Chemist: 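Encoded as structure tokens, here's the structure I'll be asking about.
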Amino acid sequence: MVFHLDTDLPRELAPLAWMIGRWEGAGVVGYPTIESKNFGQEIECVHDGRPFLSWRSRTWLLDDEGNQVKPLATETGFWRPLPDGEVELLLAHPTGIVEMYYGTTEPAKVEVRTDSVVRSPAAKEYTAAHRLYGMVDGNLMWVMDMAAVGQPLQSHVSAELKRVE
């Protein structure tokens, strides 16, 4: 069950309330080990009355005309607001990676860095990340830097998403 913002939002979620909803859009993914490509994304960020947000993101490769080509990354997790404007983001990926991020919130902005990364023996080498989410002109914009496969922390992905009903 999804609750409505007006009456059911725990006060602890106030710094993250702007993220609640369903978002769709597109972005660019690239890294020294892969060619830059356009991707589509859908995010669902909901709450059930408890003081955390459930998070689900799906992405897919887009062709030059903007058509979906194949699935890319999927992540599922939770945003956990803490006192004094701090926040945790816990994410699990079907590729054998689990991440715990820690960071801060400001009005319509969240910045987090990996506190820990756990990989299964079969997962690719991945050591750290930094994510920045913000509300800009009513849209959810985000960027991610990544350190993986022997590369230092550097730009990996960015996207702009619009809220959808």
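Nothing fancy with the numbering, it's 1 onward along the sequence. The model shown is predicted, which means the values in this text are computed figures rather than measured ones. Note that these values count all heavy atoms, side chains included, but never hydrogens, waters or copies made by symmetry.
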Chemist: Please report the closest heavy-atom contact between L53 and H47, naming both atoms and the distance.
Modeler: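 Taking L53 first and H47 second, the nearest heavy atoms are CD2-CB, 3.7 Å.
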Chemist: Just wondering, do F39 and L61 contact through their side chains at under 4.5 Å, heavy atoms?
Modeler: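 Contact flag for L61/F39 side chains = no.
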Chemist: Under a single-linkage definition using a 4.5 Å side-chain heavy-atom cutoff for Ile, Leu, Val, Met, Phe, Trp and Tyr, are L72 and V157 assigned to the same hydrophobic cluster?
Modeler: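 Yes; tracing contacts between hydrophobic side chains, which count when under 4.5 Å, links both residues.
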Chemist: Under a 3.5 Å distance rule, please check whether Y31 uses its side chain to pair with a backbone N or O of A148 as donor and acceptor.
Modeler: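 Confirmed, Y31 side chain pairs with A148 backbone.
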Chemist: If you count every heavy atom of other residues, nucleotides or ligands that lies below 6.0 Å from R80 atom CZ, does the total exceed 12?
Modeler: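 Atom CZ in R80 is not crowded, with 12 or fewer foreign heavy atoms closer than 6.0 Å.
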Chemist: Taking the side chain from T127 and the backbone from A147, do they hold a donor-acceptor pair closer than 3.5 Å?
Modeler: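 Yes; at least one donor-acceptor contact below 3.5 Å.
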Chemist: What about V149 and I34, same hydrophobic cluster or not, with Ile/Leu/Val/Met/Phe/Trp/Tyr joined at side-chain heavy-atom distances under 4.5 Å?
Modeler: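 Yes.
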Chemist: Please report the shortest heavy-atom distance between S36 and V28, naming the atom on each side.
Modeler: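 Of all heavy-atom pairs spanning S36 and V28, the closest is CB-CG1, 4.4 Å.
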Chemist: Any side-chain donor paired with an acceptor under 3.5 Å for N139 and E160?
Modeler: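 The criterion, which ignores hydrogens and geometry beyond distance, is satisfied for E160 and N139.
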Chemist: For the hydrophobic clusters of this structure (ILVMFWY residues joined by side-chain heavy atoms under 4.5 Å, transitively), does one cluster hold both L62 and M144?
Modeler: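 No, it is not one cluster - the side chains of L62 and M144 are not joined through contacts under 4.5 Å.
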Chemist: Do E111 and Y133 have a side chain donor and acceptor closer than 3.5 Å?
Modeler: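 Their side chains do not contain a donor-acceptor pair, so the 3.5 Å distance test is not met.
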Chemist: Measure from the side-chain N and O atoms of Q154 to the backbone N and O of P152, and report whether any donor-acceptor pair falls under 3.5 Å.
Modeler: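 Present.
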Chemist: Side-chain heavy atoms nearer than 4.5 Å, only ILVMFWY residues, links allowed to pass through others: does that put V117 and Y101 together?
Modeler: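 Both belong to a single hydrophobic cluster.
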Chemist: Is there a donor-acceptor pair under 3.5 Å between the side chain of H93 and the backbone N or O of T95?
Modeler: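 Such a contact is absent between H93 side chain and T95 backbone.
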Chemist: Could you measure the distance from the CG atom of L89 to the CG atom of D115? Nearest 0.5 Å is fine.
Modeler: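 One finds 11.5 Å between CG of L89 and CG of D115.
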Chemist: Would you say W23's side chain and M19's backbone share a donor-acceptor pair under 3.5 angstrom?
Modeler: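 Confirmed, W23 side chain pairs with M19 backbone.
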Chemist: Please name the pair of heavy atoms, one in G96 and one in A123, separated by the smallest distance, quoted to 0.1 Å.
Modeler: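 That closest heavy-atom pairing would be O-CB, 3.7 Å.
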Chemist: Does CD belonging to E35 count more than 12 external heavy atoms closer than 6.0 Å?
Modeler: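 It does not: E35 CD has 12 such atoms or fewer within range.
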Chemist: Passes side chain to side chain contact (heavy atoms under 4.5 Å, CB included), I43 versus R22? Steps please.
Modeler: CA-CA 6 Å; I43 292 175; R22 188 164 160 257; over 6 Å; no
Chemist: Are K162 and E24 within salt-bridge range, i.e. N to O under 4.0 Å?
Modeler: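 So K162 does not pair with E24 through a salt bridge.
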Chemist: Considering all heavy atoms of both residues, which atom of A129 and which atom of L153 are nearest to each other, and what is their separation?
Modeler: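 What the structure gives for the nearest pair is CA-CD1, 4.0 Å.
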Chemist: Between D84 (side chain) and E86 (backbone), is there a donor-acceptor pair under 3.5 Å?
Modeler: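 Not a single qualifying donor-acceptor pair exists.
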Chemist: For Y102 and E88, which heavy atoms make the closest approach, and how far apart are they?
Modeler: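 Y102 and E88 have their closest heavy atoms at CD1-CG, 4.3 Å.
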Chemist: Side-chain donor-acceptor pair under 3.5 Å between W142 and Q41, yes or no?
Modeler: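 Yes, a side-chain donor-acceptor pair sits under 3.5 Å.
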Chemist: What about V87 and V143, same hydrophobic cluster or not, with Ile/Leu/Val/Met/Phe/Trp/Tyr joined at side-chain heavy-atom distances under 4.5 Å?
Modeler: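 No, separate clusters.
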Chemist: May I ask you to decide whether E75 forms a salt bridge with R131, counting only side-chain N to carboxylate O separations under 4.0 Å?
Modeler: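 Yes, E75 and R131 are salt-bridged.
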Chemist: Is there a donor-acceptor pair under 3.5 Å between the side chain of E44 and the backbone N or O of S57?
Modeler: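 No; judged by distance alone, with no hydrogens or angles, the pair does not exist.
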Chemist: Quick check on N67: does its CG atom have over 12 non-hydrogen neighbours (other residues, nucleotides or ligands) under 6.0 Å away?
Modeler: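 Yes, enclosed.
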